[in-house]
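Report on the following structure.
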Amino acid sequence: MRYHQRFSRGWLERLGNGTDLSAQRMQQAVDNLWRFTGELFMADELELALVEQGIAVDSRELQAEWQATVHTALLDSGLQIPQEAAFRSGGKQGLHSEHLGPMLAEMQYLQRAYPGQQW
């Protein structure tokens with residue numbers, strides 16, 4: 001996890017502090033995806049039951065640290081923290097946009113092309 005965090009932050013900083021075009025595209029990407037981040041910290045009934053049993057971590061307790069880390073990374077990259085507080089929800093209940101279908105199809109290609117294989 002730390003490797004991926006360092007790797008992605010490195011690219012965030014390089015592109016955010018890079019050319020005008022790379023900074024513009026990075027800001028646009030952050031702005032477009034920001035609405036999905038709120039659901040990371042919403043706990044549904046199943047998650048709360050798992051937390052009570054000591055099986056899962058309460059994702060709501062991770063929000064402050066996540067925000068501090070992400071806000072610092074964005075500001076260090078010369079990017080703005082989106083002001084829009086609204087977010088899309090329902091993914092944890094299986095409500096997804098039309099974009100999920102093609103992505104799942106690509107991710108499932110190998111298993112479908114070679115059924116029964118062990119990886």
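- Atom CH2 of Trp66 sits in a crowded spot, with more than 12 heavy atoms from other residues, nucleotides or ligands closer than 6.0 Å.
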Kindly determine whether Val70 and Ile81 satisfy side chain to side chain contact (heavy atoms under 4.5 Å, CB included), including the steps that lead there.
CA-CA 9 Å; Val70 170; Ile81 298 163; over 6 Å; no
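- Tested against Phe41 for a side-chain contact (heavy atoms from CB on, under 4.5 Å), the candidates Gln63, Gln67, Glu61 yield a single pass: Gln63.
- A distance of 12.5 Å separates CD in Gln27 from CG in Leu15, rounded to the nearest 0.5 Å.
- Closest approach of Gly16 to Ala23, counting heavy atoms only: O-CB, 3.3 Å.
- Linking Ile, Leu, Val, Met, Phe, Trp and Tyr residues whenever their side-chain heavy atoms come within less than 4.5 Å leaves Leu46 and Leu40 in two separate clusters.
- The CG atom of Leu74 sits 8.0 Å away from the CE atom of Met26 when rounded to the nearest 0.5 Å.
- Counting heavy atoms from C-beta on, the side chains of Arg9 and Asp76 come closer than 4.5 Å.
- Taking every heavy atom of both residues into account, Gly78 and Asn17 meet most closely at N-OD1, 3.5 Å.
- The aromatic rings of Tyr3 and Phe7 lie parallel to each other, their planes meeting at an angle below 30°, with 60° marking the opposite boundary.
- Taking both residues in full, the closest heavy atoms of Gln117 and Gln111 are given as O-OE1, 4.3 Å, listed atom of the first, atom of the second, then distance.
- Between Met42 and Glu47 the shortest heavy-atom distance is O-OE1, 3.4 Å.
- Put simply, CE on Met107 and CE on Met103 are 7.0 Å apart, with the number rounded to the nearest 0.5 Å.
- The environment of Gln108 atom CD is dense: over 12 non-hydrogen atoms of other residues, nucleotides or ligands sit within 6.0 angstrom.
- Under a cut-off of 6.0 angstrom, the local environment of CD in Gln5 is sparse, with at most 12 non-hydrogen atoms contributed by other residues, nucleotides or ligands.
- Residues Leu12 and Leu79 meet the side-chain proximity criterion, which asks for heavy atoms closer than 4.5 Å.
- Taking 4.5 Å as the limit, some side-chain heavy atom of Pro82 sits within range of a side-chain heavy atom of Val30.
- Within a 6.0 Å radius of CG in Asn32, more than 12 heavy atoms belonging to other residues, nucleotides or ligands are found.
- Glu65 CD: 12 or fewer foreign heavy atoms inside a 6.0 Å radius.
- To the nearest 0.5 Å, atom CH2 of residue Trp11 and atom OG of residue Ser77 are 13.0 Å apart.
- Remark: side-chain polar atoms of Thr37 are paired, donor with acceptor, to backbone N or O of Trp34 under 3.5 angstrom.
- Counting heavy atoms of neighbouring residues, nucleotides and ligands inside a 6.0 Å radius, atom CZ of Arg25 does not exceed 12 of them.
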